[in-house]
Colleague: 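Okay, handing you the structure first.
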Amino acid sequence: MEIQKRLSSCWQSFLACFKKPRRSAGDPVRQAARNPGPGDNAEPAAGGKSSAPAETAGDYYIALYDYSARTEEDLSFHAGDILEALDKSPGEWWFAQAASGLSASKQGYIPANYVAPVESINAEPWYFPETKRQDAEKMLLAGGNQHGAFLIRNCESQKGELSLSVVDSGRVKHYKLKKMDNGQYFVSKTRCFQTLKELVEHYSRQSDGLCVRLGEPCKKMEAPQTHGLSYNTVDQWEIDRNSIKLLRKLGAGQFGEVFEGIWNETTAVAVKTLKPGTMDPEDFLREAQIMKRLRHAKLIQLYAVCTMEEPIYIITELMKNGSLLEYLQKDNGKTLRISDQIEMAAQVASGMAFLELQNYIHRDLAARNVLVGENNICKIADFGLARVFMKENESVYEAKEGTKFPVKWTAPEAINDNKFSIKSDVWSFGILLYEIMTFGQMPYPAMSNYQVVQKIPQGYRMTCPPNCPKVMYDIMIDCWKEDEQDRPTFETLQWKLEDFFDMDVTSYDDASRY
Ligand code: AMP
């Protein structure tokens, strides 16, 4: 579907075709709440002046993605449809009425992160604010985008600045968009624009010094994850076991089997079943409460649980390509370039930097606990579970040969003194880097767990894997510093890994030479 075209033309046709039924003062229907929602902190309309009728501004939203109703109370819509928010108080899910499109005049719940205020900059099809440079390249080079495809994003290296990324003959070039003190934007000082929209319009008509005339906005990839499965699983996330159908087994782990499933006959999910007796449901629920609050693009989202009977079900988002370990070891691993490997490592570091900020410890970071989706997207799984199991099942984690303790991934202070911290996670991250750079080889290949436990305190460290750039090996060695305080933070690891890609072009003139 041509999402972009529909997005840009939709508000205009909506204004022409749809007359808003005016709500009387005493309307008993849900009042149009005016508390701000996720998309409301947008800049003023990219066009500068809003042409939305004054009484509707703030209530009307444009859909950025398609959404298929998951429950009878949800509203289906297509990208480009106009929706009136009737009640934004539930937070991440709003009660809305479709003002255009196939569902016109129907009411129901919508995920708030799928819409943006009409005529706001967030509704512009070329505006991808939170997109990193490397993600912009990946998206622009993905199928469907042609010469001239472009997007505007926040610049990573300079806060508050914007970058324009554009496809030129199969390569992506990046320009800094500068802002003058009077608020005008420019790529080259010789031509300034009141708004980004005017800038885009100008360079869509002529290249005027850019490497290429701007063409179509970059195609939007996957829709974002919704907050929970539906509006009513956000707080009440113990769900009816009968609403889950198990479709096929995806794998088996230490604690049970994992299935692909479908919730409410509408929504694909992963279902982790826990072997009876593995843990106390109370303990698990306490931990799961925390896990549920930890939302980040690089962490697997916990959607819901079924704990009323055994086996306990843990319902999470489904990742198409399974675990990173399997992915690296299979054929697709062989097609990965070094830049892909580093980028995947950067994604894991980004998820861990978030956990670090939340003072949360993973305790079992390894390629087997990272899952891979489309386009090499990596997300960390099983954060927090290790702690629950550890309390209940201490012996499993004893540093003995032949037990299930992940000795080769665990920092020496954690093995010897049970001292787990974010810094022991950093150690494990170094081992995960080794797994990534060796396409899933077992760490310390010629050594037993016992030998590893003996030799690490004596200063032994793995050597640089074949074909691994020295800079990557240096990062591993930093992660394996004996004193945990000497190990880097995940924040540092994230920017170091991302820095391999971050070379935004500094000026218009430089860019045209690329
Ligand atoms: P685990 O019990 O977490 O070790 O999972 C066992 C296997 O199930 C993994 O190696 C993956 O192949 C698969 N798996 C686990 N969680 C998911 C998920 N959310 N999406 C897709 N596959 C998964």
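Everything numeric in this text was worked out from a predicted model, so none of it was measured. Note that ligands are numbered from 1 as they come in the structure, with each ligand's atoms numbered from 1 the same way.
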Colleague: Look at atom CG of N467 and say whether more than 12 heavy atoms of other residues, nucleotides or ligands are closer to it than 6.0 Å.
Modeller: no

Colleague: Would you indicate whether the side-chain heavy atoms of F77 and D66 approach each other to under 4.5 Å?
Modeller: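 Not touching, per the 4.5 Å side-chain cut-off.
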
Colleague: Side chains of Y434 and K408: do they bring a donor and an acceptor to under 3.5 Å?
Modeller: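 Y434 vs K408: no donor-acceptor pair found between side chains.
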
Colleague: Would you kindly say whether Q97 and Q107 are connected by a side-chain donor-acceptor distance under 3.5 Å?
Modeller: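 Yes, side-chain donor-acceptor contact under 3.5 Å.
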
Colleague: Is it true that S165 and R153 share a donor-acceptor pair across their side chains at a distance under 3.5 Å?
Modeller: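 S165 and R153 do have a side-chain donor-acceptor pair below 3.5 Å.
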
Colleague: Could you check ligand 1 for N or O atoms lying under 3.5 Å from protein N or O atoms and list the pairs with distances?
Modeller:
residue	atom	partner	partner atom	Å
ligand 1	3 (O)	K272	NZ	2.6
ligand 1	3 (O)	D382	OD2	3.3
ligand 1	10 (O)	E326	OE2	3.2
ligand 1	12 (O)	E326	OE1	2.9
ligand 1	12 (O)	E326	OE2	3.4
ligand 1	19 (N)	T316	OG1	3.4
ligand 1	19 (N)	E317	O	2.9
ligand 1	20 (N)	M319	N	2.9

Colleague: Assess whether a salt bridge exists between D135 and K132, defined as any Lys/Arg side-chain N lying under 4.0 Å from an Asp/Glu carboxylate O.
Modeller: no

